[in-house]
Amino acid sequence: MDGIHDMGGMQGFGPVRPVEEDFKFSADWERRVFGLTQALGGITPFNVDEFRRQIERIPPAEYLNTLYFEKWLIALEWFLQDRGLVSAEELAASAKLFDADTAGREPVDGAALLAILGEGVELEYPRDTAVPAFAEGATVRVKLRHDVSHNRSPRYLRGRTGTIIADIGVFQFPDTVAQNIGTNPQHLYTVCFAAADLWGGEAEAAGDEVLADLMESYLEPV
Amino acid sequence: MDGIHDMGGMQGFGPVRPVEEDFKFSADWERRVFGLTQALGGITPFNVDEFRRQIERIPPAEYLNTLYFEKWLIALEWFLQDRGLVSAEELAASAKLFDADTAGREPVDGAALLAILGEGVELEYPRDTAVPAFAEGATVRVKLRHDVSHNRSPRYLRGRTGTIIADIGVFQFPDTVAQNIGTNPQHLYTVCFAAADLWGGEAEAAGDEVLADLMESYLEPV
Amino acid sequence: MSHDHSHDHDPLEKGTALRVRALEELLVAKGLVTSEALDTVISHYENNVGPRNGASVVAKAWVDADFKARLLADGPATLEALGFKGFQGEHMRVIENTPDVHNMVVCTLCSCYPWPLLGLPPAWFKSMSYRARAVSEPRAVLADFGVAVPADTSVRVWDSTAEVRYLVMPMRPAGTDVLNEADLAALVTRDGMIGTALV
Amino acid sequence: MSHDHSHDHDPLEKGTALRVRALEELLVAKGLVTSEALDTVISHYENNVGPRNGASVVAKAWVDADFKARLLADGPATLEALGFKGFQGEHMRVIENTPDVHNMVVCTLCSCYPWPLLGLPPAWFKSMSYRARAVSEPRAVLADFGVAVPADTSVRVWDSTAEVRYLVMPMRPAGTDVLNEADLAALVTRDGMIGTALV
């Protein structure tokens, strides 16, 4: 979706305000939302692209007005309802009203959860799973528009031309993974764009570059 | 500025909700803001591009969360302060604290104001004020990026290629007018873009078109 | 002052309503505006300026081929001769719907609109959704209005990015040969002249 | 449950804090999570995972040319051999600053970040301003951090659009020949490994 989350190149957000101290969490509820998300992710009620998709569906004004971990909370509540684990009535009443089917979703203890998180999620496929359409050094153009549901091709790169500097390997395709309609493994490339090809005469320095990792489906030959 | 106001092509705002009744103003304060803006515009404390620029400078979250005429109010209060006609202290206190220099800004009565509004603002120059760089039928590309302060070249057209279908005439240049640094008169063209050149394979119909009126400074030859 | 706050019950608007009232009183006290001028201009745009202006132009073009030709060829001059000119309408052009082309108007950057012909824009024209979607998915937006444009009709979306303001001339409905100009004008809707209705 | 609401005085957060507490209690009651698991994972990311991990890798590369060559050539395997792997860091790559190139990392679409090496991202990395501006005006953003990159040094901004997570290896400061690996690691800052500081 070409939504409010797609920030690259936008103006009007003011200066960046670096803060020396890094508290990670600014309130205790942020800790708990983080913990809940990891614990529920660990028993896979959702994948990371579905999670991103839900956050992208937060209405634009609300997206800008909520804190980072509030967005997680909104997505989490949506998932729990979508998977039939929790009902809207339960969330409104803050009380359990029915037994969820927890088969295959037994909660893991802390040690097991850390082991799962330490292992990570396998998103990569053997390199020969798909034949690459592009070679390193090839000039490519980013396609103009993508699936409305979720994609990882930022708007500021659409229609722009760059050079493939690495074929990273074969990865699952976020657009279809986010909709639970298939992994569609394909090559992922690091594409290098000259700042002047993105921002024209307004680029800060002609020799500067932006690099992005783009799925093969996002690219077309020039 | 490539700000939040630049909505074209964005997704995630939900359906359009047509309302049969058209009340123009949903509350009395909207009537008064409209009236104040016309009355103050009539005695020229600002021009329309300056007004647009101020609205574009409203922080993004506030932009999405304020009503249309609230944005006018915010811009109006800014102008009155910038021109030294009203102070922040006066706005906070809702009371007059000093005499403004109203020389050349004498308020007009209703009839005179209607006459001014009925005449409109001359934004056009004789056609021979500037030599056109492009002929009708020419293929042009919209430049990638423009002055940060204010421009009327929407982001969804940047870097896209279209055809000039009309040379409308010579108009003042919004980018510099908005900053009060000159009128910079130049040709204004209606440029026609094929939907497929804007949205690729996601266009609803290949034969559909988008047309935009673009200043010569926004365009480059292909 | 003729304005009346007795209908202003929305608690969300209370703060803004008070702020606006205070601003007007301040500007009056400073001698920058008169409330009479505000009343006059508000009344003018509420009562004298509206879609009936545009509808009269469309109906005239439907019955008078010469006028229509002049209107399409030189909108500003032809409209000014009828008395339609003014702020946010110094350079108005009329674009004609045909069986092959359906036109539709938007302003993606703000909410530009041909005030002298249509009055002030409706809320949906100013909405983020319309401004965002009209250029990228006009047919889906038209569906929100209950309008289905045939696949073999091209949709042309006019984004009001500069000072030209566009008015759509809908196609004259079939079976209206017996109607006079005034009756025809009554058929023409505001949305038809924006391009989100067919008449 | 070890969490403690006594520090939670912000009235704006009150509603959210209550909502989160209720959600956790609901999920515990339904047998979907245990508060012990939450406590463990929160504690892990607060205490065990952070920029010191990344700093140890950078320092090791500064003193061991063979390691550095392997790290730059095959980040994931080299880092995994050191025990650095896991969620949001399955595919981590290290990019090296040189006198000719200054690297900087952003995620314009959300806030992707190499958790196993740097922990959770700081607030400014997640801010709209950083996400918006890092790709279009990186030098102006660096100026917000007090960093001036010479005009003849190229700035390369890495937008984390897929599942690869990037760590910047800053240049080893001059005059640090006498320092050992642990002392060097102490010099390396979190911002240096994002690319918004020079070390």
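Remember, it's a predicted structure, so these values are computed and weren't measured experimentally. The sequence lines fix the lettering, A, B, ..., with proteins before strands; numbering per chain opens at 1.
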- Message: If you apply the rule side-chain contact (heavy atoms from CB on, under 4.5 Å), what do you find for B:W29 with C:E24, and how did you get there?
- Response: CA-CA 10 Å; B:W29 66 263; C:E24 178 175 342; over 6 Å; no
- Task: Please step through salt bridge (Lys or Arg N to Asp or Glu O under 4.0 Å) for the pair C:R131 and B:D6, ending with a clear verdict.
- Result: CA-CA 9 Å; C:R131 287 167 53 190; B:D6 191 348; over 6 Å; no
So which part of [X] gets closer than 4.5 Å to some heavy atom of chain C, the side chain, the backbone, both or neither?
{"X": "B:L198", "value": "neither"}
{"X": "B:Q38", "value": "side chain"}
{"X": "B:P15", "value": "both"}
{"X": "B:L36", "value": "both"}
{"X": "B:L80", "value": "side chain"}
{"X": "B:A112", "value": "neither"}
{"X": "B:A195", "value": "neither"}
{"X": "B:E106", "value": "neither"}
{"X": "B:Q172", "value": "neither"}
{"X": "B:V108", "value": "backbone"}
{"X": "B:R17", "value": "backbone"}
{"X": "B:Y156", "value": "side chain"}
{"X": "B:Y63", "value": "both"}
{"X": "B:E70", "value": "side chain"}

Donor-acceptor under 3.5 Å ([X] side chain, [Y] main chain):
{"X": "C:S154", "Y": "B:G207", "value": "yes"}
{"X": "B:E209", "Y": "C:R156", "value": "no"}
{"X": "C:T161", "Y": "B:D213", "value": "yes"}
{"X": "B:R152", "Y": "C:S160", "value": "yes"}
{"X": "B:E204", "Y": "C:A140", "value": "yes"}

Drop me the distance from [X]'s [atom1] to [Y]'s [atom2], to the nearest 0.5 angstrom.
{"X": "B:M10", "Y": "C:R133", "atom1": "CE", "atom2": "CZ", "value": "13.0 Å"}
{"X": "C:S136", "Y": "B:M7", "atom1": "OG", "atom2": "CE", "value": "12.5 Å"}
{"X": "B:Y68", "Y": "C:S127", "atom1": "OH", "atom2": "OG", "value": "12.0 Å"}

- Could you give me the CA-CA distance, side-chain angles and deciding distance for B:F34 and C:W115, then say whether ring-ring contact (aromatic ring centres under 6.0 Å, His included) is met? CA-CA 13 Å; B:F34 174 76; C:W115 291 8; 5.7 Å; yes
Is there a side-chain contact between [X] and [Y] in this structure, where contact means two heavy atoms from C-beta onward sitting under 4.5 Å apart?
{"X": "B:E124", "Y": "C:H91", "result": "yes"}
{"X": "C:R139", "Y": "B:D208", "result": "yes"}
{"X": "C:E137", "Y": "B:E202", "result": "no"}
{"X": "C:Y166", "Y": "B:L211", "result": "no"}
{"X": "C:T16", "Y": "B:V33", "result": "no"}
{"X": "B:F25", "Y": "C:E46", "result": "yes"}
{"X": "C:P122", "Y": "B:K24", "result": "no"}
{"X": "B:R52", "Y": "C:C112", "result": "yes"}

For a quick test of reading the model, state the closest non-hydrogen atom pair linking [X] to [Y] and the distance between them.
{"X": "C:V41", "Y": "B:G35", "answer": "CG1-CA, 3.8 Å"}
{"X": "C:V135", "Y": "B:W199", "answer": "O-NE1, 3.2 Å"}
{"X": "B:P18", "Y": "C:W124", "answer": "CA-CD1, 3.7 Å"}
{"X": "B:P154", "Y": "C:D159", "answer": "CG-OD2, 3.9 Å"}
{"X": "C:L38", "Y": "B:R32", "answer": "CB-NH2, 3.6 Å"}

- Let me know if C:L120 has heavy atoms under 4.5 Å from chain B in its side chain, its backbone, both or neither.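 For C:L120, the contact with chain B is made by backbone and side chain together.
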- Message: Under a 4.0 Å threshold between the charged nitrogen and the carboxylate oxygen, would C:E25 count as salt-bridged to B:K96?
- Response: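 Looking at B:K96 and C:E25, the cut-off is not met.
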- Looking at C:K30 and B:D101, does any basic side-chain N land under 4.0 Å from a carboxylate oxygen?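 B:D101 and C:K30: not salt-bridged.
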Out of [options], which one racks up the most heavy-atom pairs below 4.5 Å with chain C?
{"options": "B:G9, B:S94, B:A206, B:G3", "value": "B:G9"}
{"options": "B:G14, B:A100, B:G12", "value": "B:G14"}
{"options": "B:E56, B:E119, B:M215, B:R105", "value": "B:E119"}

- Message: For the interface with chain B, which of C:T108, C:L109, C:V33 has the highest count of heavy-atom pairs at distances below 4.5 Å?
- Response: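 Counting heavy-atom pairs under 4.5 Å, the top option is C:L109.
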